[in-house]
Amino acid sequence: MENFKEVFESQYTWIEGFMRNVRRFGQRNALIDPLSGREWTYKAINQEVNRLCNAFIKAGVKKGDVIMLQMLNCPEFVFAYVACHKMQCVCCPVNFRLSPGEMAWNVDDSKPAIIICCESKCKEVNNALQNTKHKPSCVIGLISDSTDGIIAYNDFIKDASADEPVITTPYNIYDETVRLYTSGTTGRPKGVCITSINEVLSAHDIMIHFPMSSRDITMNTTPWFHRGGLHCAGPCPALYAGASMVIMGKFDALMALKYVYRYKITFIVGVPTVLEELADRQEQGGYDLSSLTGIVTMGSPLERAACIRYQKVLTPNIYNGYGTTETLWNTFLRPFDLPDNAGSAGRSCVDDDVRVVKIYEDRRTEPEDLAAQDGVDVGEVIISSPAKSPFLYHDNPSETERKYYKNFIYTNDLATWDEDGYITIVGRKDDMIISSGENIYPAEVESVLNLHDKVKDCIVTSVPDKVRGQLVTAYVVPNDDSITAEELDEYCKQSPEIANFKRPRFYRFVRQIPFNATGKKLHVKIKETALQDWKNGLLEKI
């Protein structure tokens, strides 16, 4: 058994999985960049990775060092991700939309040895570094020439060998390989440490649930800096499975549809708003999407009407996953679950234990203290995902202690579940509206409003009220500009899906609502907006 333990822990790593594909699929296309017209086989990717590794070694990078990436999806992102695995470094992709101040916080938290950034971010990275205690040894930019303290990527690897780098320390499945930051909507972002075995088993999870194989060609329309981007059809599962990837740096619905036909893409991954744009464009153009095996969405639930539309317009094979940065996805809806279970988040994935537990104001709920499985009783979602979660945050024991308990992560998401284990998210603890002593969950009001033919999308929050405490407030993106607040109010009064006290008392019609990069509605932001709009008399009262 000791021999098994030693072999398993040193060789069952993500990088060994990639190298197996280099050996057996060396001449197979692995990466396609439509913007530049460039393509790379597995052998060619490995050569680019080796150049970067050998350049890292020359720059003094060592095992355990953090390499921070701030860039759009691009070939160099893939090379850096694989190089970090091979070098036994920590790949730390961060949101390319961060302000210099936010970037500075991440730099001081993770202390990267090197930062690699897109050309458009070079100036902001330099601005960020003016306000950090930690200074990386160098900043590498995807620019044509080295300038202003930024080393051009091609200059950095110019003289580096494409031979395998000399790695003298053994690999281990428990080594941290990736560090991702939570979105930070409720406070400072938390660094989520992901190990090599977490990445291997995350890839396996994708391969099971799609399923994905070496015959697939994937395209992720969402950024790789978050868990759903990197680990769902992104570099982690695609390169581990021996599949091919088409790069989309910035989402464009028309180009996405054209790429599906041109490259015979089998899986697209995107948030629900992406699917909405794809469906709009497909109805206008009618592109050949026959190669698609499926479209996978995450970030927020799919409502029934939207699901039926996507199945009709795009592909019958729609998938929907729910999870966290810490745990990837943990419940899943497959095509055979839809549209009947649309609106729910699905039920537990193969290796996960997802529960809805009761909520107490004065103590943390035990994992066995379950909410009633009646589709009505609201509780908190907790997740045990031993395969995909490291069960800790980087250098943050207090948050680790607060969020993790008895091998479960307490998500702060509120939900109901039924006797079959299907979970329906109704909101977050922070977003819950209390009006006249009644609990109202934004998601349930949003789902009713979105059923109206003239509503494209909406987000629900609250404003203060002296009598009731809070009043439900809806921001609506119209599908038809003739829509009125009075019409929606009457619709809610007549709807059997919503109690009268839950209907919105204020409306505002807008062209867009705020989402984060993972497609989740930013209720914390809209609440701030609503308060200002209320004070300025911009809300329409019913």
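In this chain, numbering begins with 1 at the start of the sequence shown.
- Cation-pi geometry between R364 and Y410 is met: the NZ or CZ atom falls under 6.0 Å from the ring centre, inside 45° of the normal.
- Side-chain atoms of N320 never come within 3.5 Å of backbone atoms of F332 as a donor-acceptor pair (strictly under, hydrogens ignored).
- For K5 and E9, the salt-bridge test passes: some basic side-chain N is under 4.0 Å from an acidic carboxylate O.
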- Derivation of the side-chain hydrogen bond (donor to acceptor under 3.5 Å, both in side chains) call for N73 and N220: CA-CA 9 Å; N73 300 354; N220 203 311; 5.5 Å; no
- Task: Take V269 and T221 through the side chain to side chain contact (heavy atoms under 4.5 Å, CB included) test and state the conclusion after the steps.
- Result: CA-CA 6 Å; V269 176; T221 64; 5.8 Å; no
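- The six-membered or imidazole ring of W14 lies away from that of Y171, with a centre-to-centre distance of 6.0 Å or more.
- Counted within 6.0 Å of CD on E164, heavy atoms from surrounding residues, nucleotides or ligands total more than 12; the atom is thus considered enclosed.
- Using a cut-off of 4.0 Å between Lys/Arg side-chain N and Asp/Glu carboxylate O, E48 and R51 are scored as salt-bridged.
- For K123, the NZ atom sits in a loose shell: 12 or fewer heavy atoms of surrounding residues, nucleotides or ligands are nearer than 6.0 Å.
- Residues M19 and N46 are in side-chain contact: their nearest non-hydrogen atoms beyond the backbone lie under 4.5 Å apart.
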- Task: Could you walk me through whether D288 and S290 pass the side-chain hydrogen bond (donor to acceptor under 3.5 Å, both in side chains) test, one step at a time?
- Result: CA-CA 6 Å; D288 182 357; S290 58; 2.7 Å; yes
- Evaluate the ring-ring contact (aromatic ring centres under 6.0 Å, His included) criterion for residues Y404 and Y393: first the C-alpha distance (whole Å), next the side-chain angles of each, then the deciding distance (0.1 Å), finally the verdict. CA-CA 10 Å; Y404 288 101; Y393 296 112; 5.8 Å; yes
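- Taking the six-membered ring where the residue is Trp, F96 and F225 present perpendicular rings, their angle passing 60° and hence far from 30°.
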- Would you please test Y12 and S196 for side-chain hydrogen bond (donor to acceptor under 3.5 Å, both in side chains) and show each step? CA-CA 9 Å; Y12 199 55; S196 182; over 6 Å; no
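- For residues 238-264, the side-chain hydrogen bond (donor to acceptor under 3.5 Å, both in side chains) pairs, not counting sequence neighbours, are R20-Y240.
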- Task: Begin from the C-alpha positions of D216 and T266 and carry the test side-chain hydrogen bond (donor to acceptor under 3.5 Å, both in side chains) through to its verdict.
- Result: CA-CA 6 Å; D216 281 304; T266 57; 2.8 Å; yes
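- At a cut-off of 3.5 Å, with distance as the only test, a side-chain donor of E102 or S99 sits close to an acceptor on the other residue.
- Taking the salt bridge (Lys or Arg N to Asp or Glu O under 4.0 Å) definition, one finds that K521 meets it with E446, D457, sequence neighbours left out.
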- Task: Check the pair N50, D163 against side chain to side chain contact (heavy atoms under 4.5 Å, CB included), reporting the backbone distance first and the verdict last.
- Result: CA-CA 6 Å; N50 288 344; D163 295 338; 5.9 Å; no
- Message: Run the ring-ring contact (aromatic ring centres under 6.0 Å, His included) test on W40 and F79 for me, step by step, so that the C-alpha distance in whole Å, both residues' side-chain angles and the decisive distance to 0.1 Å come before the verdict.
- Response: CA-CA 11 Å; W40 291 263; F79 305 153; 5.7 Å; yes
- Check the pair N21, R28 against side chain to side chain contact (heavy atoms under 4.5 Å, CB included), reporting the backbone distance first and the verdict last. CA-CA 9 Å; N21 292 332; R28 176 180 292 176; over 6 Å; no
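- Atom CZ of F391 and atom CG of N198 lie 9.0 Å apart (nearest 0.5 Å).
- Salt bridge K62/D65: present, at least one basic N to carboxylate O contact under 4.0 Å.
- In terms of the salt bridge (Lys or Arg N to Asp or Glu O under 4.0 Å) criterion, residue partners of D175 (sequence neighbours excluded) are, by chain and number, K63.
- For the salt bridge (charged side-chain N to carboxylate O under 4.0 Å, His left out) with E380, the lone residue among K429, K403, R355, R428 that qualifies is K429.
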